[in-house]
K.L.:
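Let me give you the structure first, and then I'll get to my questions.
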Amino acid sequence: MRLPDSQVAVLEAASATEELTIERLSEETGLKPETVTGAAFDLEDAGLVAVSTAETVSHEVSDEGETYAEAGLPEVRLYRAALSAGADDGAVSLGEVIGAADLDGPEVDIALANYARKGYGDVDSGEITADPDADPDADPEATALASLVDGEEPRSSGSRPQAGESVEASDALDQLVRRGLVDRRERAVRSVVLTDEGVTALMEGVEAAETVDRLTPEMLASGEWRDAEFADYNVEADAPAERGGKVHILRQTAERVKDTLVGMGFREMDGPHADAEFWINDCLFMPQDHPARTHWDQFALDVPPVRDIPEDLLDRVRSAHLEGVGDDGQGYHSPWTEEVAREVDLRGHTTSLSMRYLSGNEIGDLEPPERFFSVEKVYRNDTLDPTHLLEFFQIEGWVMAEDLSVRDLMGTFEEFYQQFGITDLQFKPHYNPYTEPSFELFGTHPETGELIEIGNSGMFREEVLRPLGVECDVMAWGLALERLLMLMYGFDDIRDVHGTLCDLDLLRNTEVLH
């Protein structure tokens, strides 16, 4: 029997009594693993060997995981610091506890995201409590992480817990993978064993044949191709997995939203992510002592104040806050200072762009009718949960025209969301300092059946429009792009799609909806 060199080498190295892996045969023959794999499949087609495949999973602690294995998980450190501060007896200052826990940067967000999830206590309105019965020494994720650092390989994800392994322990490993503290390696291990036909062939003798795997110009020119023996190609053999780049489904949905709004006659706005409180809050008739303007809800930047605010507009906005607008205007009976208005924050909503455009500051005075939108990132000091992130995308929009009503606003939403297959919108009256009337939008989650808040909207108040120099009606809204994504795809935890804990396999395998 004449076979290609690689097949002869694999056949002679294989055993009839022991399954040898491709890696082992590669070492025995000196051939590359992919060459051995191809030869093994060809031999299997000829009935000379049998190839079996077993899926194996291994785990490796990431650099971040190594850090936390040594220093402790952020939520465990937060809990211990909370106990030391007396949070088991009553709520204490969150800032004080964070400082005592020596948490910095992203560790703060990670600690807050996992603290309540693990039952260590609650965080609310800048205060923290600690459950005195919680046991951080028995934290399943910390225990699993320590085991991996010690070289103990746990089970593969998705399988049933092995003997002596609790469901809690297996869930802990999955959480470590989701958090990026552990990397999961999945691969197929192939093994080869001689069949009876293979043993017989070896006993009768196998001769190596000179084969070529491709036709070259030289072979054509010399005529050598006529006598050459060409290797067979196994077109069913597995090819190496290649993971190329892909546009994130959130970005693809954002582009689709933009196309939809442009098709509805809107133009796009843009502007700074870090802006003066004047544009973010004061122009919206948000009193300067409003709770949403504290550092617990927005991110203040330690930078010089904004200087290029039009003085006449500043005066009109100050007057609206202190004295109101019109004969019946009351204003707010609370302090208003120019110093606060000029301070710089990360924008908590893209309505700051609307204020810039409506005031004429950005592209000059506008004449109705006008329609503008933006799909941009905003930043809020929220507690992470399945529907909230510290930064997310807001679909901002407004229409300036004469004689607008809430019916026009609702009709706009019906037309917009219908483009994404969402036709069961519900509206709930709401209060905003800057719109009247106002209402929230809700959609039904396709998997859970629960109502999900997807946006806020209303008609801008006189106290907002008149200082900006706008004399007609303006209807406006802020919609959550991530919530739209949840309704379109059925995701129940936005952290799987967006943020530091996102599920890369989910993103790779999700088909884009059109």
Side-chain angles (χ1 to χ4, degrees), residues 61-150 168 171-173 175-182 274 289-303 343-346 348 379-386 388-392 495 499-501:
V61 179
S62 66
D63 292 340
E64 186 180 7
E66 294 277 4
T67 300
Y68 292 155
E70 180 178 351
L73 293 173
E75 63 271 20
V76 173
R77 289 153 56 191
L78 183 65
Y79 176 73
R80 296 188 190 280
L83 281 183
S84 299
D88 52 337
D89 292 328
V92 298
S93 168
L94 176 60
E96 174 187 339
V97 173
I98 289 175
D102 195 24
L103 298 173
D104 187 28
E107 290 184 342
V108 176
D109 296 336
I110 294 170
L112 294 175
N114 292 282
Y115 188 81
R117 174 178 70 84
K118 293 186 173 182
Y120 284 137
D122 295 311
V123 176
D124 184 40
S125 300
E127 293 185 325
I128 185 171
T129 61
D131 183 352
D133 297 325
D135 184 6
D137 292 330
D139 188 294
E141 292 171 32
T143 301
L145 186 62
S147 296
L148 285 168
V149 170
D150 291 339
E168 185 180 48
D171 289 343
L173 177 59
Q175 282 289 346
L176 290 175
V177 174
R178 286 166 59 89
R179 295 175 65 173
L181 305 184
V182 170
D289 59 357
H290 193 285
R293 296 183 64 167
T294 68
H295 63 283
W296 297 118
D297 285 316
Q298 60 186 18
F299 295 103
L301 303 183
D302 186 13
V303 296
E343 290 176 355
V344 181
D345 289 358
L346 291 178
Y379 311 86
R380 295 184 187 174
N381 196 4
D382 278 333
T383 300
L384 294 176
D385 63 30
H388 291 86
L389 294 172
L390 299 185
E391 56 183 68
F392 57 94
R495 293 170 294 185
T500 58
L501 304 178

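If you're wondering where the values come from, they're calculated on a predicted model, not measured in any experiment.
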K.L.:
Please give me the minimum heavy-atom distance between Ala87 and Val92, naming the atom from each residue.
P.N.:
CB-CG2, 3.8 Å
K.L.:
Please assess Leu181 against Val61 for the test side-chain contact (heavy atoms from CB on, under 4.5 Å), listing each intermediate value before the final yes or no.
P.N.:
CA-CA 6 Å; Leu181 305 184; Val61 179; over 6 Å; no
K.L.:
Which heavy atom of Ala300 sits nearest to which heavy atom of Asp345, and what is that distance?
P.N.:
CA-OD1, 3.3 Å
K.L.:
Quick check on Asp150: does its CG atom have over 12 non-hydrogen neighbours (other residues, nucleotides or ligands) under 6.0 Å away?
P.N.:
yes
K.L.:
Between Gly119 and Ala134, which heavy-atom pair has the shortest distance, and what is it?
P.N.:
O-CB, 4.2 Å
K.L.:
Start with the C-alpha distance between Lys118 and Leu73, add both sets of side-chain angles, then the distance that settles side-chain contact (heavy atoms from CB on, under 4.5 Å), and finish with yes or no.
P.N.:
CA-CA 12 Å; Lys118 293 186 173 182; Leu73 293 173; 3.6 Å; yes
K.L.:
So with a 6.0 Å cut-off around CG of Asp289, is the heavy-atom count from everything else above 12?
P.N.:
yes
K.L.:
If I compare all heavy atoms of Ala130 with all of Tyr79, which pair ends up nearest, and what's the gap?
P.N.:
CB-CE1, 3.8 Å
K.L.:
With Asp88, which residues qualify under side chain to side chain contact (heavy atoms under 4.5 Å, CB included), at least two apart?
P.N.:
Leu83, Pro132
K.L.:
First locate atom CG of Leu390, then atom CG of Asn381, and finally report the distance between them rounded to the nearest 0.5 Å.
P.N.:
6.5 Å
K.L.:
Between Ala82 and Val97, which heavy-atom pair has the shortest distance, and what is it?
P.N.:
N-CG1, 3.6 Å
K.L.:
Quick one: pull up OH in Tyr68 and CD in Glu141 and give me the separation to the nearest 0.5 Å.
P.N.:
12.5 Å
K.L.:
Got a second to check how far Leu173's CG is from Leu145's CG, nearest 0.5 Å?
P.N.:
10.0 Å
K.L.:
Could you go through residues 103-115 and list every donor-acceptor pair under 3.5 Å that involves a side-chain atom there, pairing it with any protein atom two or more places apart or in another chain?
P.N.:
unit_1	atom_1	unit_2	atom_2	d
Glu107	OE1	Arg77	NH2	3.2
Glu107	OE1	Asp104	N	3.4
Asn114	OD1	Arg117	NE	3.0
Asn114	OD1	Arg117	NH2	2.6
Asn114	ND2	Ile110	O	2.8
Tyr115	OH	Tyr120	O	3.4
Tyr115	OH	Thr129	O	2.9

K.L.:
With sequence neighbours excluded, what pairs up with Ala274 under the side chain to side chain contact (heavy atoms under 4.5 Å, CB included) test?
P.N.:
Leu301, Val344, Leu346
K.L.:
So, using side chain to side chain contact (heavy atoms under 4.5 Å, CB included) as the criterion, who are the partners of Arg495 when residues are at least two apart?
P.N.:
Pro386, Leu389, Asp493
K.L.:
For the residue pair Gly348 and Arg380, what are the closest heavy atoms and their distance?
P.N.:
O-NE, 2.6 Å
K.L.:
Residues in salt bridge (charged side-chain N to carboxylate O under 4.0 Å, His left out) with Asp137, at least two apart?
P.N.:
Arg80
K.L.:
Sequence neighbours excluded, which residues qualify as salt bridge (charged side-chain N to carboxylate O under 4.0 Å, His left out) partners of Glu66?
P.N.:
none
